[in-house]
Amino acid sequence: MTAALEIKGLQAWYGESHVLHGVDMVVQPGEVVTLLGRNGAGRTTTLRAIMGLTGARKGSIEVNGKETIGMPTHRIAHLGIGYCPEERGIFASLSCEENLLLPPELKGAGPGMSVDEIYAMFPNLAERRHSQGTRLSGGEQQMLAVARILRTGAKLLLLDEISEGLAPVIVQALARMITTLRAKGYTIVMVEQNFRFAAPLADRFYVMEHGRIALKFGAAELEAKMPVLTELLGV
Ligand SMILES: Nc1ncnc2c1ncn2[C@@H]1O[C@H](COP(=O)(O)OP(=O)(O)O)[C@@H](O)[C@H]1O
Ligand SMILES: [Mg+2]
């Protein structure tokens, strides 16, 4: 089976600053993989490097078997990747629905979710469809940011700290969303600080430290890995 994402020896820089020192990671189609680590470990940079949004990159990043290390961001996205950055990027002056309709469908991907499907999955966005971006709660903005990339047809989702700063009831709704997307066959890479959110959702875990993968294991090994995980994450 061709991996949805296969990263080998990835190095990345911001200007002179060398941030990733050889990241290796494989994500199979339909998997939910969590990238854990302390602040500054290099998780966001890994997602940005996959999208071609850092400075220089070296190594290999294959998406569905295609090498992307030399590609510009728009070509990488069109391979069917949806990137949800930490800052969410909701346009304040546009309505919820206008935000949803903004990104065009990706050329290389299949059809995106229809607006009706999205509203069925996110009933609170349906209720808020005419509300201005600024009037949405943090949780609604986060759901909108994810819903928007589902519209594009992306099947590989890179989600950066979606649970951050949100109330427990919203975090639970996001967990149900991940479970639903997994059942629909999406491939998901989640960067998380919130271990309790990620733990029951992920098939496999990677832990980063100082721009490298320090530990990787499957969901079945979670309990056995707790002591070393606690040490690495300081939780
Ligand atoms: N735009 C940038 N320019 C220079 N250094 C950066 C930039 N963004 C992040 N870094 C540095 O890269 C390292 C990894 O950061 P980041 O990938 O954001 O970590 P994480 O998402 O795991 O918290 C940190 O040392 C951070 O200071
Ligand atoms: Mg980050």
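Whatever order the structure lists them in is the order used to number ligands and atoms, beginning at 1. The structure displayed is predicted, hence computed values, not measured ones.
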- Message: Testing the 3.5 Å rule here: is there a donor-acceptor pair between the side chains of Y186 and E31?
- Response: no
- Query: Can R57 and Q11 be counted as having a side-chain donor-acceptor contact under 3.5 angstrom?
  - Reply: no
- Task: Apply the test side chain to side chain donor-acceptor pair (under 3.5 Å) to residues T44 and D160: give CA-CA distance (whole Å), side-chain angles for both, the deciding distance (0.1 Å), then the verdict.
- Result: CA-CA 7 Å; T44 294; D160 201 348; 2.7 Å; yes
- Task: Keeping waters out of it, list the protein N, O or S atoms under 2.8 Å from the Mg ion (ligand 2).
- Result: T44 OG1
- Query: Passes side-chain contact (heavy atoms from CB on, under 4.5 Å), Q193 versus E164? Steps please.
  - Reply: CA-CA 8 Å; Q193 190 78 17; E164 195 187 13; over 6 Å; no
- Item | Residue shell around ligand 1, heavy atom under 4.0 angstrom | Y14, V19, R38, N39, G40, A41, G42, R43, T44, T45
Are more than 12 heavy atoms, taken from residues, nucleotides or ligands other than [X], located less than 6.0 Å from that residue's [atom1] atom?
X    : atom1 : result
R129 : CZ    : yes
H18  : NE2   : yes
F91  : CZ    : no

- L5 and E62: CA distance, side-chain angles, deciding distance, side-chain contact (heavy atoms from CB on, under 4.5 Å) verdict: CA-CA 6 Å; L5 178 68; E62 290 188 3; over 6 Å; no
- Could you check whether the rings of F195 and F205 sit parallel, tilted or perpendicular, using 30° and 60° as the cut-offs? tilted
